[in-house]
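Lettering follows sequence order; numbering is per chain, from 1.
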Amino acid sequence: MVNVFAVQVFFIVFRECLEAAIIVSVLLSFLKQSMGQPHQDQAIYKRLVRQVWAGALIGILFCLIIGGAIIGVFYSLGHDVWSNAEKLWEGIFFLIATVIITIMGMAMLRINKTKEQWRVKIAKAMVEKSKNKKKSKLLGDWARRYAMFLLPFVTTMREGLETVVFVGGVSLGYPATAFPLPVFTGIVTGLTCGYLIYRGGNAMSIQLFLIASTCVLYLIAAGMFSKGIWDLQYYQFQMGVGSDVAEAGSGPGSYNILQTVWHVNCCNAETDNGWDVFNAILGWENTGTYGSIISYNVYWIFIMLCVAYMLWEERSGKHSLRERILVVLAQVPGLGWYAKPKLEVLQQESDGVVRVVPTGLFNEEQAEQQMVEMK
Amino acid sequence: MAVSYLYYVLLLALNVPLLLAKEVVYDFNVTWVTANPDGLADRKVVGINGQWPLPVIEVDKGDQLVVKMYNGLGDKSTSIHFHGMYQNGTNEMDGASMATQCPVPPGSSITYNFTVNQNGTYWYHCHTDYCYPDGYRQALIVHDNNSYFADQYEEEFTVTLSDWYHDLAEDIKPEFMSLYNPSGAEPIPNSWLFNDTINTSLSVKPNTTYLLRLANIAAFTAQYFYIEDHTLTIVEIDGVYTEPTPADILYVAVAQRYSVLFTTKSTADKNYPIVTVVDSTLLDTITPDLQLNSTNWLEYDASAPHLQANITVSESDSLVPFDDGTLVPHDHEPLLETPDLSINVAVIMDNLDNGKGYAFLNNISYTTPKVPTLYTVMSAGALATDATVYGDFTHTKVLGHNDVVEIILNNQDSGSHPFHLHGHVFQVVDRYPPMGADFYEYADATDAIAFDPSNHTAFPAYPPRRDTIVVPPMGYVVLRFRADNPGVWLFHCHIDWHLMQGLAMTFVEAPLLMQDRLTIPQDHFAACEAAGVADKGNAAANTEDYLDLRGQNVQPGWIPDGFTTRGIVSMVFTVLSAFLGMGAIVLYGLSDLKFAGRGDTAQVAVEPAAARDETRGEYQD
């Protein structure tokens, strides 16, 4: 089963597609609300909508090209070099992927908040453009004219490249046949979800779906974290034993007994059918080592603590951890360029920003009235 | 005159045996010396009186052999086992540490003193832990001018075959008995020696018959042996004379001996390769630098070229050796019928819970007792007949005096094992597959072929007898012997690495007779005292209650199958934490709904006119 459907790949693709779809949908609804009303200029509105779609599609195209190159390099150069120490690389990539999924996964549960934040971001971008007119006139002009192109372009390209890197990261153990199906279904599900959110279907059921898929995503992440540790331990054992370790199959000698909490002489995720799915979703191995079990539990405890903290943060209205980290980073010489703009976005009162956005975008009627008056 | 003649005859009759049965005394000062027999590396070896190779012990049949050993090694204990000696009545001289004596610690001495009432080709080696791969082994020849072939040869040669390691066994052990060697892959020798050297020659004359005594004194590997264009006539195996039987290729396993007659060519213009080929099926990995085939020469003419043998087979198991199971003892001792005791044991290799590889006979990996088993016999009184006192991990069977004992040895391992019984030769009544082309037939089989007492080929009327037999991979041997030698006798695989892994068991033969007949010399007890080893008590050194084995040496625990308590507990916690974690995620996800819909209601505000104008301009081009 895993040979034709890599579950992690599905979820990563799904998640990234959903994110990209949400941004595009926020943009579209933004445009519709502010410019797409029947009494407004349909030509401008349609052009802007076209820009959004063009940006999104070209972004995808770019990410396909760059991603293809990365994957090509990965397989032609990397895979051979890494196959000698497969478990080592698998372990390292799993750990990296876990960290990234962990950081980004929660965002999926804040879809409504994200939507709002994107509105703020877009509004902010507008304000910026109107303010920075004098700065680099040519570029500024261009960027302003094509803001509705650039935003989705950058977004889809970034999400796409993330997907490529993640998928590359978790793909070491899989044959090429394991990719097409999960990638395809991941895209379809992600886009469908995004569309449903755009259409503003039942917020509750969408949220429930997102919660369910996030749970699975975190199950995978916990499994990958545990398996990452397991791989590193196995690698160390394998280095000690040499080639014989594969010969031993599932029985004694195929694992380090001293690190083992349990072992069953069956259900080998590497060789037995069915258990590889279990492995992909939950990180199952037929040997439970102290490292893999403790790391799995620690991971979940960490997630619980994170959730508790974030809920507390939201309810108490305290500065978010991210904001505090950014404040610190902004003080560090050399990191200011990275931290400051993000900090500014965060510190801007969302309502305030939206208020500063030219009313024309939101209330074309009023603008038209003004225009009439001027005439 | 008549009287004096009679007197003379009487004198002769009384004295001749006394004169012949001389005492042969060897003084062995055992010390470390440096040797480089293969020309590849200097290494520390066990020398005797500062010499290595060690002296060949030579006695005549009936002699009293006295070996006075002083352990001058300084850093390790030692002993000498005289391999193949029956030691009938002198079990304490068998030299097996923790079975019949204590290991002799550095600075201590021990004297071995016994009558050699047997003939043929033997060897002696250290039998304490794993010391003989360090060079402490050599041939022991018992000459017999009354052998049936004594007048058929002019001269005799002794040839020892051996593998050779460049590292001390004590340095090899940690890598072999290791978590990282779970398959128990045996250490690969660095080279192979022929009479403790390489590229050597036996100088022969044309048209002459020689007796060649061949002994494999290696720690691990068997070798195929043949002489190009010469037929070998087997006349002795492991000290037992056989009907003269021609053979082309011999398979000489570790600890086995053959005596063969061969007659030289009539012309002396060419030197013939003596070919030895390592049984490479035993080796787990073969690096290209290993010299598995060796050529030495039957040298007719020292000035003629010494050409390397042209070996046509690519794998050693393509050679078809002579089947020693078909030999007939010269004395035609008939098959021992109806065993009084049948011992059925299986050879199993497995891992224990320290991750290391162990070897088992049934479910016991031989673990040395705290008291040498012989001393337990001597101190246990009437309880000596109860196998319990010898401990749970010495795998002891108590045999009744003169019982016919049958050993059914089923090999459930994919490797062959040369099994040796101390103090006896056994009749080889069955072996499957037989030595020869099909010997390795089941090496890759998943299920071993076990001996079926109700369905087997007919046993030979005069089975061959030897003291070391190779049991085929996944096959079996059936051995019989008469327990006519009171004593403690080990039965073990003679691959020293397998002995290290515990592939051994103990026979305690007629323990009450031993208590009557044996006297342990004082220097043997002194060695115990010097070594700090108890010389009384059961296997746990308990002298109060011989049936109380608390504190005995035990083999490591078995690897549990599947989930144990801690596995279940950790699994429960793992599942619990996953559900709690997902619960937290659900909680967090549901709390997002409070943001829902907020973004959709556009916040409209009055805007300064300046900004308004700019915006208008932007979208009106």
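- Contacts of A/T260 with chain B are made by backbone atoms alone, with heavy-atom separations under 4.5 Å and no side-chain atom involved.
- By number of non-hydrogen pairs under 4.5 angstrom with chain A, the leading residue of B/L352, B/N354, B/D350 is B/N354.
- Here the closest heavy-atom approach between residue B/V586 and residue A/C215 is recorded as CG2-SG, 4.0 Å.
- Atom CG of B/N351 is separated from atom CD1 of A/I257 by 8.0 Å, given to the nearest 0.5 angstrom.
- Of the atoms belonging to B/I568, not a single heavy atom falls under 4.5 Å from chain A.
- Counting only N and O atoms by type, the side chains of A/Q238 and B/Y180 include no donor and acceptor under 3.5 Å apart.
- Of the atoms belonging to B/T574, heavy atoms from both backbone and side chain fall under 4.5 Å from chain A.
- Taking CG from A/L311 and OH from B/Y588, the interatomic distance works out to 7.0 Å, rounded to the nearest 0.5 Å.
- Remark: A/Q259 CD to B/L179 CG distance equals 8.0 Å, nearest 0.5 Å.
- At least one side-chain heavy atom of A/Y290 sits less than 4.5 Å from a side-chain heavy atom of B/R566.
- Contact of A/L219 with chain B is made through the side chain alone, with heavy-atom distances under 4.5 Å.
- Expressed to the nearest 0.5 Å, how far OG1 of A/T214 lies from CD1 of B/I585 amounts to 7.0 Å.
- Atom CG of B/D444 has 12 or fewer heavy atoms from other residues, nucleotides or ligands within 6.0 Å.
- In the displayed structure, B/E170 atom CD is contacted under 6.0 Å by more than 12 heavy atoms of other residues, nucleotides or ligands.
- For the options A/V261, A/V307, A/V216, heavy-atom pairs under 4.5 Å to chain B are most numerous at A/V261.
- Ranked by heavy-atom pairs shorter than 4.5 Å toward chain A, the options B/S591, B/A584, B/S577 are led by B/S577.
- Of the inter-residue distances, the one linking B/M582 atom CE with A/Y218 atom OH reads 13.5 Å to the nearest 0.5 angstrom.
- A/N297 places a side-chain heavy atom less than 4.5 Å from the side chain of B/F573.
- When all heavy atoms are compared, the tightest approach of A/M304 to B/G581 is CG-CA, 3.7 Å.
- Smallest separation of non-hydrogen atoms from A/I293 and B/S570: CD1-OG, 3.7 Å.
- Minimum heavy-atom separation, A/Y296 to B/A578: OH-CB, 3.8 Å.
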